[in-house]
Number of protein chains: 4
Amino acid sequence: MNLKCPVAARWQRKKEARPAEILDAALDLFVEKGFSATRMEEIARRAGVTKGTPYLYFSGKEDIFKAMINEFLLNPLGTIQETVSARSGSRADLLHELMEIWWHKVASRKAGGLCKLMIAEAANFPELTRYYHDELIQPGKNLVARIIRAGIDSGEFRDVPVDDAAEMLLAPALMTMIDQHSFLRAENGLPSSPADPLRYLHFALDMMLTGLNQPSR
Amino acid sequence: MNLKCPVAARWQRKKEARPAEILDAALDLFVEKGFSATRMEEIARRAGVTKGTPYLYFSGKEDIFKAMINEFLLNPLGTIQETVSARSGSRADLLHELMEIWWHKVASRKAGGLCKLMIAEAANFPELTRYYHDELIQPGKNLVARIIRAGIDSGEFRDVPVDDAAEMLLAPALMTMIDQHSFLRAENGLPSSPADPLRYLHFALDMMLTGLNQPSR
Amino acid sequence: MNLKCPVAARWQRKKEARPAEILDAALDLFVEKGFSATRMEEIARRAGVTKGTPYLYFSGKEDIFKAMINEFLLNPLGTIQETVSARSGSRADLLHELMEIWWHKVASRKAGGLCKLMIAEAANFPELTRYYHDELIQPGKNLVARIIRAGIDSGEFRDVPVDDAAEMLLAPALMTMIDQHSFLRAENGLPSSPADPLRYLHFALDMMLTGLNQPSR
Amino acid sequence: MNLKCPVAARWQRKKEARPAEILDAALDLFVEKGFSATRMEEIARRAGVTKGTPYLYFSGKEDIFKAMINEFLLNPLGTIQETVSARSGSRADLLHELMEIWWHKVASRKAGGLCKLMIAEAANFPELTRYYHDELIQPGKNLVARIIRAGIDSGEFRDVPVDDAAEMLLAPALMTMIDQHSFLRAENGLPSSPADPLRYLHFALDMMLTGLNQPSR
DNA sequence: TATGAATGAGATTTCATTCAT
DNA sequence: AATGAATGAAATCTCATTCAT
């Protein structure tokens with residue numbers, strides 16, 4: 001009913017590792033090219049397998065996309081949240097520390113590209129976008145908002161609307177992550193963004209805390 | 001059988017309007033669904049023509065994408081730059097005014113979605129990304145940086161690295177625009193972002209100027 | 001985004017005729033090879049078009065299958081039913097006449113193959129099978145059963161269970177149709193079935209009416 | 001770490017039962033879904049083995065199909081033929097008896113589904129169809145034809161074309177078998193066919209022997 | 001003997017693009 | 001200038017078959 005193929009079997013059997021390898025490959029490609037423009041066979045090839053293999057572990061392209069979001073987004077947030085709860089010291093120091101963690105655990109890694117990806121694909125995956133929003137974005141904002149609230153209560157910060165302030169504090173962090181995975185990757189890397197993102201982020205945080213205006217003396 | 005009225009041209013096929021209509025339609029769809037997921041026939045239908053017509057004005061899908069970027073990016077920036085050069089007063093006021101213009105001319109309009117689009121498609125259109133970067137992003141940053149520089153020179157602002165500061169000031173504005181076209185469109189609108197973006201943006205600008213920290217005395 | 005193909009356009013534009021041509025082609029192939037073993041491209045080629053064209057008129061393979069059942073099964077039965085209602089004479093004559101019509105309108109034509117097809121695919125299309133049963137098989141049996149009932153009432157026939165009798169009378173007709181489209185088509189035609197099916201069918205009907213047993217004298 | 005019990009063979013892998021189990025599983029599935037729509041892995045699973053195992057005993061899907069036809073068609077016919085040769089009494093009684101045997105040995109069993117299957121796949125397996133025809137159908141018809149011939153010679157039956165008469169006598173039997181495996185299986189069982197097929201078959205045989213027409217005197 | 005991860009030919013379906021009208 | 005039927009390259013996904021273990 002079809003052809004004999006005495007293929008030289010050269011593939012490795014590693015059932016355990018396969019799903020992770022496929023998700024890794026998919027992450028790279030989805031972040032780089034977007035969901036639609038990424039071809040399944042490309043994912044397979046980058047994972048070192050052939051066309052059919054991803055379908056042994058995932059029901060299709062969309063399933064890979066969803067699994068990837070789950071895989072690379074929950075753990076990091078969990079880690080960050082634990083870190084924060086166990087911390088004392090000034091709120092300003094805590095915010096700096098938080099950003100440090102976030103940079104090293106998320107933004108500078110491949111998972112950081114997921115942020116860009118969700119922005120790009122939000123309208124095409126409404127239910128996933130809601131999930132991403134409810135489980136990641138909102139908790140992240142709440143985390144920062146709680147710290148600001150505590151700072152206001154302790155007299156460290158001025159009395160400001162905490163949600164807006166949290167939004168503002170997060171903006172440079174998110175934009176940096178987006179830059180990393182859009183403009184910096186394009187072709188040979190555009191000189192748009194700060195050369196040392198982490199240093200920039202600490203600077204921006206400092207600025208937002210102390211203000212750009214000259215102290216009134 | 002031929003009913004052609006020999007009197008005069010009956011209704012003018014508005015031929016010179018066609019390309020603009022097609023680009024308008026493409027803008028909506030590309031922003032909403034991304035480049036790959038947008039079908040040519042959908043663009044045509046939304047523009048009120050049929051499948052073949054776009055090919056009379058553009059050589060293909062990619063050409064429409066490029067033409068669209070050109071069409072919707074140059075004029076707004078031009079306007080903003082003119083406004084700025086003609087202005088006097090405090091730098092803080094100027095920045096507020098700038099943001100007001102930018103919001104009404106760009107971010108709150110359909111063209112604002114192009115920002116999200118370029119983020120998503122950056123890797124798929126490297127040469128276009130470079131163009132977008134060189135003609136829009138870098139000039140925008142430079143504009144803000146020059147204002148900050150002037151403020152420092154006049155003693156209004158503290159002495160800080162102007163490029164980083166410009167980057168920081170722009171971050172909330174860009175993030176708000178992204179929110180408008182990603183999470184707010186998804187499904188029924190996620191409550192993620194500030195209800196009144198423009199108010200939030202003025203708040204964030206104020207915060208960055210005066211600082212979150214309690215004045216020490 | 002893809003290749004230029006300056007194909008010598010040699011196809012005819014006939015929107016009106018296309019669906020019927022495609023259903024004709026599909027009928028041939030489905031009857032010959034079954035549903036699964038028939039490839040869409042084969043249907044297209046036999047209809048004189050290319051791969052993509054059937055999808056302009058039908059949503060997929062299953063849709064073609066269903067449309068085909070609808071197209072080729074309802075009209076013939078309608079015709080037969082009209083004929084019968086307008087007829088008088090002995091019930092035996094009516095049954096012979098009925099079979100004649102049925103043979104020329106259904107069994108000897110391509111549509112006859114649908115019977116075999118539905119038998120083969122019954123389990124794979126349960127809802128369609130129910131429809132086929134309710135709209136075709138059951139009405140056909142009822143039609144014959146009513147004639148037998150009338151014959152019994154008029155004293156022409158013995159008093160027998162009409163449903164079983166109808167079933168019996170139909171069996172040779174159905175088996176002949178199946179033979180036509182299974183064994184007779186296979187390879188070079190197997191000598192299994194009667195050389196002249198219509199003559200056989202009249203013979204079988206006569207036999208069933210008069211009985212094989214020697215009259216008891 | 002090696003727990004192999006050195007005592008004796010613990011449980012015998014019932015190797016000689018494997019092929020039969022696989023053919024049994026294949027029979028169920030082929031009859032239900034047809035050849036193409038039946039997946040090899042399903043056959044394996046229903047036989048209680050895994051994907052690769054059937055290939056240890058058969059060279060492929062087509063080979064299983066052929067082996068199955070061989071397995072389930074020869075023995076039953078042999079039995080019937082022996083029975084007939086050893087019988088005396090009226091030809092009518094013999095025909096009733098024959099049908100009884102045939103019903104219990106073939107039609108009411110899984111093997112009855114093979115008839116439907118061969119009808120569906122006739123064109124896809126021409127050589128097998130010829131085999132099926134030559135070894136089963138033709139002998140079956142000949143068997144009945146010889147009985148009729150004997151009945152005519154003995155004066156029990158009227159003088160009729162024996163081949164056509166045999167064909168007619170077999171038609172209800174074959175149709176019943178088809179019904180069993182097509183319409184009765186679909187969904188929840190369609191009320192099309194007689195509730196008690198065996199009773200119906202005896203009735204139909206009686207009818208064909210005595211005739212539907214009222215005895216003229 | 002049996003397993004089942006992996007393969008890859010091939011099927012279905014989509015859609016950017018062409019071109020006769 | 002505009003249409004839209006038709007094309008056909010290419011994508012997604014299936015599944016019969018292989019073969020290292």
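A, B, ... follow the sequence lines: proteins, then strands. Residue 1 opens every chain.
Taking the six-membered ring where the residue is Trp, F65(C) and F30(C) present perpendicular rings, their angle passing 60° and hence far from 30°.
Put simply, R39(A) has no side-chain N or O that comes within less than 4.0 Å of OP1 or OP2 on dA10(F). Between Y55(A) and dA6(E), a side-chain N or O to OP1/OP2 separation shorter than 4.0 Å is absent. For dG4(E), the OP1/OP2 oxygens have no side-chain nitrogen or oxygen of K51(D) closer than 4.0 Å. The side chain of T53(A) places an N or O atom within less than 4.0 Å of a non-bridging phosphate oxygen (OP1 or OP2) of dT7(E).
Atom-to-atom, CG of L56(A) to P of dT17(F) comes out at 17 Å; the value is rounded to the nearest Å. For the pair M40(B) CE and dG4(F) C1', the computed distance is 14 Å after rounding to whole Å.
Nucleic acid contact for S59(C): none, since no nucleic acid atom lies under 4.0 Å from a heavy atom of the residue. Across all strands shown, S36(C) has no heavy atoms under 4.0 Å from either base or sugar-phosphate atoms.
Under a cutoff of 6.0 Å and an axis angle of 45°, K61(B) and F35(B) form a cation-pi pair.
When the nearest nucleotides of DNA chain E are assigned to G52(D) and G52(B) by heavy-atom distance, the more 5′-ward of the two goes with G52(D).
Between V31(D) and L114(D) the shortest heavy-atom distance is CG2-N, 4.0 Å.
A salt bridge does not link R46(A) to E42(A): none of the charged nitrogens lies less than 4.0 Å from a carboxylate oxygen.
When the nucleotides dA2(E), dA6(E), dT7(E) are ranked by their closest atom to the side chain of T50(A), dT7(E) comes out on top.
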